[in-house]
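Working notes, beginning with the structure itself.
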Amino acid sequence: MTVMNPTLRTHQSKIARIFASSLLFLTGLVACSGNENTPPPLAATGTPGAEEAVGERLFLETRFTQAFKVSLDNGGDINDPNINDRAVDIVETLGAPIDPGPFKGLSMNCRACHLVDDVLDAPRGGMRAYADFARRSPIPARADGKTVAVRNSPPLVNAALDRPGGVLFHVDAEFNSMEDLIAATFTGRNFGWLPGERTQAIAHIARVVRSDNGAGDLAKEFDGTPFRVLFGGTDASIPEEFRLTSEFRKTIDSATDQEVFDAVVKVVTAYVNGLLFSQNEDSGAPIRSPFDVFLETNGLPQALNPNESPIDYSRRLLQLVKSRESAGTLQFVTSNPNRTDGRFQFHAQPFSFGTRELAGLKMFLTEPTALPATPAELTAGKLGNCVACHAAPNFTDFKAHNTGTTQKEYDEIPGHGDGAFRNLAIPTLATRTTDDLPATEQHPVASERFRSVPAAGTTLTDLGLWNVFANPDMPAPQAKIRNILCDDEQPCSASQGELLNRATARFKTPGLRDLGHSEPFMHNGQFDTLDDVIDFYVDVSDQARAGTLRNGAPQLQGIVLKPGDIAPLVAFLKSLNEDYQ
């Protein structure tokens with residue numbers, strides 16, 4: 001089958017941008033070299049940015065799965081991806097599923113859970129910021145009985161932003177680098193591989209890369225070049241926009257399975273790292289949110305000053321906004337200045353930033369005088385304290401907090417009830433065993449009982465960072481997670497056991513840009529709308545002040561919102577939407 005046209009539009013436009021950038025680079029080389037010195041041929045140097053184009057093709061590749069290996073073992077054709085893996089037949093949504101899905105008849109790939117415009121025009125579909133529509137992402141069926149992941153797929157756009165202390169990936173901070181995340185995805189449960197099957201997965205992926213003939217529908221949509229030729233980088237048949245530079249090349253026929261796999265991971269990493277908000281449309285017009293246009297229109301700062309922290313920038317922004325408002329000089333946004341129709345391209349909402357959004361912005365940026373909020377603040381409301389964890393301009397602190405999501409879900413399980421999570425027996429560092437932890441290559445039959453979907457009649461739940469911190473099977477992210485759990489105390493005086501307790505039900509802080517393309521919300525898809533999310537924070541802030549939220553983030557005690565505060569705050573959050581392309 002052929003991948004649906006929206007997917008083709010997305011990667012062709014990205015390839016066009018990469019190629020245009022490459023031509024500018026090469027033109028610059030010619031200009032700088034003078035008439036006597038011509039630049040070396042592309043066959044030798046490659047095209048800067050080509051790794052992103054090749055990485056996108058691999059991001060869409062459907063033959064890396066365990067299900068495809070089974071089809072080969074049963075006599076299938078390695079260059080025929082049509083194996084009818086039901087895991088991708090449909091796109092799961094909050095309502096009826098989208099049928100057919102864009103990869104129906106094929107098998108799992110990265111894009112099946114990180115959609116863009118693949119179902120743009122389908123009923124219940126729409127644009128995505130490399131996220132899915134599911135509460136928990138579907139996965140291929142295996143003997144373990146699982147058909148969904150423990151969490152849903154978060155947006156990948158802006159996922160790789162630089163941050164203080166370095167990157168961590170997945171909501172429980174399991175992965176220390178994008179390479180680690182992508183390698184684990186290709187060899188993990190999302191692609192049908194069980195813990196303990198990593199070596200099989202790597203050998204299978206290397207086999208697909210070596211045997212690809214470039215004749216499949218996906219290959220033809222890109223360049224029609226076999227993978228082994230693409231990775232070689234020097235063959236004259238390779239189009240310039242796909243000609244890898246030496247950093248990404250690999251002689252596939254003589255490389256080991258691991259080396260082939262590492263080469264695949266490297267180019268896919270380059271592709272994912274290039275997924276950023278606030279870029280340009282194909283026409284060259286800038287893509288901005290109403291909030292960004294509001295800042296620009298009013299000459300308000302859109303970035304940090306040198307040595308300024310995000311929280312200090314957010315505080316400065318609030319004071320400037322209040323000062324301009326008092327002076328009556330604020331200008332509001334009523335249309336998109338970068339599109340002729342003045343509207344969003346992919347959002348149904350008006351492109352506006354007016355008095356309601358302004359009221360929400362001020363609530364978002366307003367902090368309490370102390371924690372918990374004072375009696376006067378409890379009476380007044382309009383105190384979001386959102387900035388404590390979602391400081392502008394990226395709207396995340398890149399840390400991890402327990403906002404009560406796990407407790408709410410656990411207590412609402414039939415038979416549990418209020419207080420069930422508070423009373424749940426959770427092992428300490430001294431009593432925790434490998435069986436309590438997630439299954440890994442070293443311990444493939446571990447119970448995963450604290451990284452599981454909650455269910456009636458069980459104590460299954462998801463404790464987030466608790467599963468990763470001090471886990472000997474996951475050494476790479478430990479130093480970074482420790483810094484987060486120490487809450488900026490340096491040197492950190494807390495013991496490992498105390499830090500493990502602090503890790504209970506903590507999850508990474510997401511960014512808030514373009515939320516309209518990533519619902520349902522929270523890592524478990526618990527909430528359908530932003531109104532639901534704000535209602536939840538109203539409830540958990542009361543619980544945090546009452547001391548009934550187990551290991552709750554202290555910042556929650558500073559949230560004070562009245563019923564009339566919810567609509568302006570939601571309006572502001574929607575003003576962070578933009579037309580990712």
Under 4.0 Å between a side-chain nitrogen and a carboxylate oxygen: does that hold for [X] and [Y]?
| X | Y | result |
| --- | --- | --- |
| Arg343 | Asp341 | no |
| Glu519 | Arg128 | yes |
| Asp539 | Lys408 | no |
| Arg451 | Glu174 | yes |
| Asp312 | Arg315 | yes |
| Lys266 | Glu51 | no |

Quick check on Glu296: does its CD atom have over 12 non-hydrogen neighbours (other residues, nucleotides or ligands) under 6.0 Å away?
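Incorrect, the count does not exceed 12.
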I want to check a possible cation-pi pair here: Arg57 against Phe242, using under 6.0 Å from ring centre and within 45° of the ring axis as the test.
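Output no; distance or angle outside limits.
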If the condition is side chain to side chain contact (heavy atoms under 4.5 Å, CB included), which residues does Ala388 pass it with, not counting sequence neighbours?
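Once residues adjacent in sequence are excluded, the partners of Ala388 under the side chain to side chain contact (heavy atoms under 4.5 Å, CB included) criterion are Asn385, Gln555.
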Can you label the angle between the Tyr130 ring and the Tyr580 ring as parallel, tilted or perpendicular, going by 30° and 60°?
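Tyr130 and Tyr580: perpendicular rings.
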Specify whether Phe291 and Phe353 have parallel, tilted or perpendicular ring planes, treating 30° as the upper limit for parallel and 60° as the lower limit for perpendicular.
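Correct class here is tilted.
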Ignoring hydrogens and angles, state whether a donor on the side chain of Ser493 or Glu489 is under 3.5 Å from an acceptor on the partner side chain.
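Side chains of Ser493 and Glu489: pair found under 3.5 Å.
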Going by distance alone, is a donor N or O of one side chain under 3.5 Å from an acceptor N or O of the other, for Thr406 and Asp462?
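Short answer, no.
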With sequence neighbours excluded, give me every side chain to side chain donor-acceptor pair (under 3.5 Å) pair touching residues 155-168.
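Checked against side chain to side chain donor-acceptor pair (under 3.5 Å) - neighbours excluded - no pair reaches residues 155-168.
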Provide the full list of side chain to side chain donor-acceptor pair (under 3.5 Å) pairs with a residue in residues 502-517, sequence neighbours left out, each pair given once.
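Side chain to side chain donor-acceptor pair (under 3.5 Å) check on residues 502-517 returns Asp292-Arg513, His347-Asp514, His347-His517, Asp397-Thr509, Glu498-Arg502, Asp514-His517.
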Once disulfide (SG to SG under 2.5 Å) is applied, what residue pairs with a partner in residues 317-369 remain, sequence neighbours excluded?
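Passing the test, one end in residues 317-369: no pairs.
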Does Thr47 use its side chain to pair, donor to acceptor, with the backbone of Ala50 at less than 3.5 Å?
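A pair under 3.5 Å: no.
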Quick one: CD1 on Ile484 to CZ on Phe469, what's the gap to the nearest 0.5 Å?
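One gets 11.0 Å once the value is rounded to the nearest 0.5 Å.
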Considering only residues two or more places apart or on different chains, which pairs with a residue in residues 303-332 satisfy ring pair (Phe, Tyr, Trp, His ring centres under 6.0 Å)?
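Qualifying pairs: none.
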Considering the options Leu230, Val54, Val267, which one meets the side-chain contact (heavy atoms from CB on, under 4.5 Å) requirement together with Phe248?
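Going through Leu230, Val54, Val267 one by one, the side-chain contact (heavy atoms from CB on, under 4.5 Å) with Phe248 is satisfied by Val267 alone.
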Please list every donor-acceptor pair under 3.5 Å in which a side-chain atom of residues 473-480 meets a protein atom from a residue at least two apart or in another chain.
| residue | atom | partner | partner atom | Å |
| --- | --- | --- | --- | --- |
| Asp473 | OD2 | Thr440 | OG1 | 2.7 |
| Asp473 | OD2 | His443 | ND1 | 2.6 |
| Gln478 | OE1 | Ala470 | N | 2.7 |
| Gln478 | NE2 | Val468 | O | 2.8 |
| Gln478 | NE2 | Met474 | O | 2.8 |
| Lys480 | NZ | Val167 | O | 2.9 |
| Lys480 | NZ | Asn176 | O | 3.3 |
| Lys480 | NZ | Asn176 | OD1 | 3.0 |

